[in-house]
Structures are given as C-alpha cells and as structure tokens.
Amino acid sequence: MVTRPLAESIAALRELSRHPQFRRGMRELLPMLPGMAAWGLVTGVAMVKSGLGVGTALLMTFVVYAGSAQLAALPLMAAGAPMWVIWLTAFVVNLRFVIYSAQWRFYLGHLPRLQRVLIGYVAGDVNYAVFIRTWPEPRPEPGQLPHLLGGILVMWGGWQVMSVLGILLADVVPVHWGLGFAGTLALIGLSGSLLGDRATWVSAGVAAAAAVAAFALPYKLHIVVAVAAAVAAGLLMEGPGSSLGRPLRSSIRAAR
Amino acid sequence: MDSTDATLTILGLGVVTLLARSFFLLPQRELPMPPLVRRALKYAPLAALVAIIVPEVVMTRGALIPTWADARLIAALAAAGWFAWRRGILGTIAVGMLVFLPLRLGLGW
C-alpha cells in the first residue's frame with residue numbers, strides 16, 4: 001500500500017534529477033553557495049550563542065529557514081520579548097518575500113495550491129534572483145519547475161549542512177572573524193544583478209538613504225520605508241507616462 | 001525564555017516564513033493586480049535587499065560608522081567594484097573576503 005507511491009515518487013525524483021533544466025538550476029546557484037554557506041554557518045553559531053539548546057536550534061534551522069529573519073529574532077528571543085513582537089519583526093524582515101511571491105504567482109500560479117505554497121516556502125532570495133534572471137518573461141514555460149527545484153535543492157542543502165555544523169561546532173567557530181560578512185557580500189552581488197536602467201539605480205540609491213535614515217524605527221520598519229520611497233522614486237523616474245508620476249506632478253504644480 | 005516558549009516562538013516563525021514566501025501563492029484565485037502594483041514590482045525587491053544590506057555595511061549599533069577605517073566599508077566597495085567589472089558573484093564574495101579578513105584580523109578594523 002505504502003510502497004507504491006514511494007516507488008513512484010522515487011522514480012519521479014530520478015527523472016527530475018536527469019532533467020537538463022534541473023542540472024542547469026543547480027549549476028547556476030553554485031557561485032552563490034560560498035556566501036550562503038558562510039552565512040548559514042554563522043547563523044548556526046548565533047542560534048546557540050544566543051542561548052538556544054542544540055535541539056531548539058536544529059528545529060529553528062529546519063522550520064524557519066530564513067537567515068535574516070532568524071538573526072533579527074535571536075536577540076529579541078534572548079531578551080525575552082513578547083512573541084508577537086518577534087513574529088512581527090520577522091515578518092517585516094521577510095516583507096521582500098511577499099513581493100517576490102507576487103512574481104512567483106505569474107510562474108507557479110497554474111500548479112496545485114499545496115505544491116506552489118511548499119515551493120514558495122523554501123525559495124529564498126538567491127533562488128528568486130537567479131530564476132528571474134533566467135526567465136525574465138513573467139509566464140509559465142516548460143523547464144521552469146525543474147530549474148527552480150534544482151536551485152532550491154542546492155541552496156537548501158548548502159545552507160542546512162553549514163547551519164547544522166555551526167550549531168554543533170558553536171564553541172569552535174571563530175565568531176570574531178566576521179565570516180557572516182560573506183552573506184552580505186553575496187547579497188551585494190545579487191543586488192548588482194538586479195540593477196539595470198537609470199530608474200533602478202536611482203531607486204536603489206533612495207532605498208539606501210531611506211533605510212539608513214529610518215533605521216531607528218522599531219520592528220525593522222525601516223525596510224518598509226525604504227521600499228515605499230524607492231518604488232515612488234522609480235515610478236517618478238519613468239517619466240510623464242507613469243501613472244503615479246502624473247498625479248504627483250500635477251499636484252506639485254497645483255501647490256505652486 | 002524557557003524551552004516551551006522558545007519552541008512555540010520558533011513554530012510561529014516558521015508560519016511567518018511560510019506566509020511571507022507564499023503570500024500571493026496562497027489564494028486559490030489569482031488576485032487582481034493593478035498595473036501600478038505590477039510596475040512597482042520592478043523596484044521593490046531590489047529596494048528591500050538594499051535596505052537590508054546598506055545598514056549592515058555602513059552602520060554600527062544604530063549609527064553611521066564615523067570612520068573610513070572599517071573592514072566592512074572597504075571590503076564592500078572592493079566587492080562592488082569587482083562585480084561592476086566582472087559581474088561574477090563568486091568573485092565578488094572572494095574579493096570582498098580577501099579584503100575584509102586581513103583588515104579585520106590583521107589591523108583589527
């Protein structure tokens with residue numbers, strides 16, 4: 001009874017692993033792996049150093065699987081902050097994923113709900129950026145799913161191995177080396193690959209300034225401020241045809 | 001925070017990850033998306049990444065770093081320069097860490 005679906009899914013997995021797009025997805029993610037691996041290691045160490053037991057830390061790495069949200073939540077957990085504060089902070093740090101998911105919808109919308117939700121759950125920043133670069137047209141195309149699954153497998157595997165190592169070797173890993181900076185460097189490269197025309201440059205500059213200026217806001221809300229300012233700047237840069245630009249400009253004229 | 005609370009917090013954080021990453025994948029029907037929102041999607045992901053990265057590089061304990069003698073600043077500039085030149089992410093990480101580690105470990109920046 002149980003063995004047949006099991007055998008079927010093993011066969012499906014074997015077929016998937018032979019798919020050329022699956023291998024391409026794995027290959028395209030490999031350059032990001034060192035940065036993510038170092039970041040995973042540091043996150044693993046950070047969980048134990050902030051007072052979580054090994055079992056709780058393992059639970060966190062496998063259930064949460066979101067490095068920046070974990071690092072934002074840990075000091076709050078250590079300080080005994082109320083749960084809703086921790087959850088809200090993590091959600092704000094994760095807001096970019098909400099934005100990504102709007103785009104995932106164009107590619108994955110035709111899949112059964114459970115399947116697309118589970119794929120979304122394990123698809124991080126790097127998966128998103130690489131996928132969008134490979135498939136810029138927002139519509140489903142053959143080969144996309146194996147490509148995405150290959151990338152998810154590489155990222156998930158690399159991250160979890162290093163995070164578990166960090167949890168187990170927390171007392172040996174030299175924290176003062178600042179190895180987690182490799183994760184920031186990987187995100188710098190990732191941002192670079194999203195920069196294109198002048199409007200995206202201006203928009204990114206506005207995001208940087210707004211994030212620093214609004215950094216003192218609680219619950220990491222500076223990210224929300226930065227996104228709002230950057231989107232407004234980008235749309236204004238698009239010129240007179242912009243549907244946000246027109247009402248904004250005419251109201252500025254009216255104010256004069 | 002005792003271990004029951006920690007476990008509960010972590011399970012909640014898992015739900016937060018799921019909700020955020022699958023936000024627009026959850027509804028059964030496609031949500032109508034105004035054209036303005038569609039165009040905002042071009043700028044929003046980059047802005048969110050920048051808003052996470054830049055404070056990590058230029059701020060310490062909630063204030064701008066007062067000096068240029070900081071390993072993060074110089075390494076981030078070197079990494080960004082490398083990316084602009086060669087556009088490879090692996091090289092960006094390698095160059096950044098090659099600049100960062102000697103400054104951090106050797107000079108204590």
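Quick note on labels: first sequence line is chain A, next is B, and so on, each numbered from 1.
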**Study point:** Distance in Å, A/Tyr65 OH paired with B/Thr17 OG1, rounded so as to fall on 0.5 Å steps
**Key:**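 Here the interatomic distance stands at 10.5 Å.
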Practice item. Give, for atom CG of A/Leu108 and atom CZ of B/Phe24, the distance between the pair rounded to the nearest 0.5 Å. Key: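 Nearest 0.5 Å value for the CG-CZ distance: 14.5 Å.
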Output the option from [options] having the highest count of non-hydrogen pairs under 4.5 Å with chain A.
| options | result |
| --- | --- |
| B/Val54, B/Leu8, B/Leu18 | B/Leu18 |
| B/Thr92, B/Val50, B/Leu64 | B/Val50 |
| B/Val57, B/Asp5, B/Val37 | B/Asp5 |
| B/Gly88, B/Ala20, B/Ala48, B/Ala47 | B/Ala20 |
| B/Leu11, B/Ile53, B/Leu19 | B/Ile53 |
| B/Ala71, B/Ala63, B/Ser3, B/Ala6 | B/Ala6 |

Out of [options], return the one with the most heavy atom pairs under 4.5 angstrom to chain B.
| options | result |
| --- | --- |
| A/Ala207, A/Ser101, A/Ala211, A/Pro138 | A/Ser101 |
| A/Leu190, A/Val64, A/Leu33 | A/Val64 |
| A/Gly80, A/Ala90, A/Ala182 | A/Ala182 |
| A/Gln70, A/Met32, A/Lys220 | A/Met32 |
| A/Ala73, A/Ala230, A/Ala186 | A/Ala186 |
| A/Ser193, A/Ala226, A/Gly53, A/Gly109 | A/Ser193 |

Review point. Side chain to side chain contact (heavy atoms under 4.5 Å, CB included) between B/Tyr43 and A/Glu238: does it pass, once the steps are laid out?
Key: CA-CA 11 Å; B/Tyr43 304 102; A/Glu238 287 182 3; 2.7 Å; yes
Check your understanding: Step by step, would you call A/Val63 with B/Leu13 a side chain to side chain contact (heavy atoms under 4.5 Å, CB included)?
Key -> CA-CA 8 Å; A/Val63 170; B/Leu13 286 172; over 6 Å; no
When you compare the side chain of [Y] with that of [X], does any pair of heavy atoms fall below 4.5 Å?
| X | Y | result |
| --- | --- | --- |
| B/Leu36 | A/Leu235 | yes |
| A/Trp87 | B/Thr9 | yes |
| A/Arg113 | B/Pro27 | no |
| B/Lys42 | A/Asp197 | yes |
| B/Thr7 | A/Leu59 | yes |
| B/Arg38 | A/Phe106 | yes |

Is [X] in contact with chain A via its backbone, its side chain, both, or neither, using a 4.5 Å heavy-atom distance?
| X | value |
| --- | --- |
| B/Ala84 | neither |
| B/Arg29 | backbone |
| B/Met59 | side chain |
| B/Val58 | side chain |

Review point. Between A/Asp125 and B/Arg21, is there a side-chain N and carboxylate O pair less than 4.0 Å apart?
Key: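 No salt bridge links A/Asp125 with B/Arg21.
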Do the side chain of [X] and the main chain of [Y] share a donor and acceptor less than 3.5 angstrom apart?
| X | Y | value |
| --- | --- | --- |
| B/Arg72 | A/Phe181 | no |
| B/Ser22 | A/Val117 | yes |
| A/Ser191 | B/Leu46 | no |
| A/Trp177 | B/Leu101 | no |
| A/Arg96 | B/Pro45 | no |

Distance-minimising heavy-atom pair for [X] and [Y]:
| X | Y | answer |
| --- | --- | --- |
| A/Gly189 | B/Ile89 | C-CD1, 3.9 Å |
| A/Leu52 | B/Ile10 | CD1-CD1, 4.3 Å |
| A/Val231 | B/Ala40 | CG1-CB, 3.5 Å |
| B/Ile93 | A/Pro31 | CD1-O, 4.0 Å |
| B/Glu56 | A/Thr184 | OE1-OG1, 4.1 Å |
| A/Gly120 | B/Leu25 | CA-CD1, 4.0 Å |

Part of [X] within contact of chain B (heavy atom distance under 4.5 Å):
| X | value |
| --- | --- |
| A/Tyr100 | side chain |
| A/Ala81 | backbone |
| A/Ala216 | neither |
| A/Leu111 | neither |
| A/Leu95 | neither |
| A/Phe215 | side chain |

Practice item. May I ask you to check whether over 12 heavy atoms, not counting those of A/Tyr121, lie within 6.0 Å of atom OH? Key: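 Result for OH/A/Tyr121: enclosed.
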